[in-house]
Amino acid sequence: MSPKVWLITGTSSGLGRVVTEQVLSEGQIVVATARNPDALSDLKSLYPSTRLLTLKLDVTSISDIKAAFSAAVEHFGRVDIIESIGEDAARSQFDVNMWGAANIALEAVHVFRGRRLLLASSCVAVSAPPGHGKFAIDGYHEALSKEIDPSWNIKISIVEFGTFATSAFDNAQASQPHPAYLKTPIADMRKLWANSNETYKALSAKPATIAAKILYDISGDENVPLRIPVGLDAIGLLKGRADEIGASTKYAEKWNKLLQ
């Protein structure tokens, strides 16, 4: 079987970098994109241009997205799998994680047919804890999966990761907290993420290489559901959310006779 061409965003660090290394180790082809492609120079020295193409891509820039897809298709003739991974202040984070991923998905729909779109999301998307905006992008991709023409055969998978130890927080930026939030749950969240190494230790985080291996396995499985929780904490959160929904529907059943 010929290798597949992957286009991966956010590859300079964190999960994006680890996924890139995993896919290359499996003998596949990668278009690795990042805002600073120079950070990928070590990988470029290990793989020929027939296996690895590195490109500058700011996912908040429509022109960058179109240029990256165009360059990928020109270089390899096609793109088989797209892996959309958020990179990094509230507005800038939302622009990257929401509109960046959304614009990648829209360009993907234009470019390929019979392919895979993998969204590397987070299990927090199902519970919407303080300080997270993943809920929006998961909902967007779920809606998109139901809008596209079935004959295009584009499969969308939302991979909701639990906590894995990556370098994603090494360059994290913390905004100055508003005084009104100093005694709210978001203050506890800020303390939790202030030291990622201690956080990973406290949460018994598994190595990111395990997450990358599972993601690669998902890419080759045509029978996966729309949402896939990866991690024991992720599975627990999804089960908890299902219980909440079950409790809500049970409460609402008291009006069933009135509504019939």
Specify the closest pair of heavy atoms between [X] and [Y], including all atoms of both residues, with the distance to one decimal.
{"X": "A208", "Y": "L15", "answer": "O-CD1, 4.3 Å"}
{"X": "A72", "Y": "L53", "answer": "CA-CD2, 4.3 Å"}
{"X": "Y47", "Y": "L52", "answer": "CB-CB, 4.0 Å"}
{"X": "T11", "Y": "T33", "answer": "OG1-O, 2.9 Å"}
{"X": "A234", "Y": "G162", "answer": "CB-N, 3.7 Å"}

Look at the side chain of [X] and the backbone N and O of [Y], then say whether any donor-acceptor pair between them is shorter than 3.5 Å.
{"X": "S70", "Y": "A67", "result": "no"}
{"X": "S122", "Y": "A125", "result": "no"}
{"X": "S45", "Y": "D42", "result": "yes"}
{"X": "R51", "Y": "Q28", "result": "yes"}
{"X": "E160", "Y": "I228", "result": "no"}
{"X": "K146", "Y": "H141", "result": "no"}

Do [X] and [Y] come close enough that some side-chain heavy atom pair is under 4.5 Å?
{"X": "F76", "Y": "I29", "value": "yes"}
{"X": "V31", "Y": "W6", "value": "no"}
{"X": "I218", "Y": "V159", "value": "yes"}
{"X": "L215", "Y": "E83", "value": "yes"}
{"X": "F164", "Y": "D233", "value": "no"}
{"X": "E21", "Y": "L43", "value": "yes"}
{"X": "V111", "Y": "I82", "value": "no"}
{"X": "L119", "Y": "I156", "value": "no"}

Not counting sequence neighbours, list each pair that qualifies as a salt bridge (Lys or Arg N to Asp or Glu O under 4.0 Å) and has a residue in residues 246-260.
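Salt bridge (Lys or Arg N to Asp or Glu O under 4.0 Å) check on residues 246-260 returns no pairs.
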Going by atom types alone, do R35 and S12 pair a side-chain donor with an acceptor below 3.5 Å?
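Note: R35 and S12 side chains miss the donor-acceptor criterion.
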Which residues satisfy the side chain to side chain donor-acceptor pair (under 3.5 Å) test with R78, sequence neighbours excluded?
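If we apply the side chain to side chain donor-acceptor pair (under 3.5 Å) test to R78, skipping adjacent residues, the hits are D80.
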Only counting residues at least two apart or in another chain, list the ones meeting side chain to side chain donor-acceptor pair (under 3.5 Å) with D217.
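Result, side chain to side chain donor-acceptor pair (under 3.5 Å) vs D217: K213.
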By salt bridge (Lys or Arg N to Asp or Glu O under 4.0 Å) - contacts of D243 (at least two apart)
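D243: no salt bridge (Lys or Arg N to Asp or Glu O under 4.0 Å) contacts found.
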Return the set of residues passing salt bridge (Lys or Arg N to Asp or Glu O under 4.0 Å) with D138 (not counting sequence neighbours), or none when no residue passes.
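Salt bridge (Lys or Arg N to Asp or Glu O under 4.0 Å) check on D138 returns R227.
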Looking at residues at least two apart in the chain, or sitting in another chain, which of them share a ring-ring contact (aromatic ring centres under 6.0 Å, His included) with Y140?
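For Y140, no residue satisfies ring-ring contact (aromatic ring centres under 6.0 Å, His included) once neighbours in sequence are set aside.
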Would you mind checking if D221 and R116 are paired as a salt bridge, meaning a charged N to carboxylate O distance below 4.0 Å?
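Not counted as a salt bridge, because no side-chain N and carboxylate O are separated by less than 4.0 Å.
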Less than 4.0 Å between a side-chain N and a carboxylate O, is that true for E107 and K66?
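A salt bridge is present here (some side-chain N lies under 4.0 Å from a carboxylate O).
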Taking NZ in K44 as the centre, count heavy atoms belonging to other residues, nucleotides or ligands within less than 6.0 Å. Is the count above 12?
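Not more than 12 within 6.0 Å, no.
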For atom CD1 of I62, is the number of surrounding heavy atoms from other residues, nucleotides or ligands below 6.0 Å larger than 12?
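Counting other residues, nucleotides and ligands, CD1 of I62 exceeds 12 neighbours.
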Do you know which of I81, V19, I158 makes side-chain contact (heavy atoms from CB on, under 4.5 Å) with L118?
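When side-chain contact (heavy atoms from CB on, under 4.5 Å) is applied between L118 and each of I81, V19, I158, only I81 qualifies.
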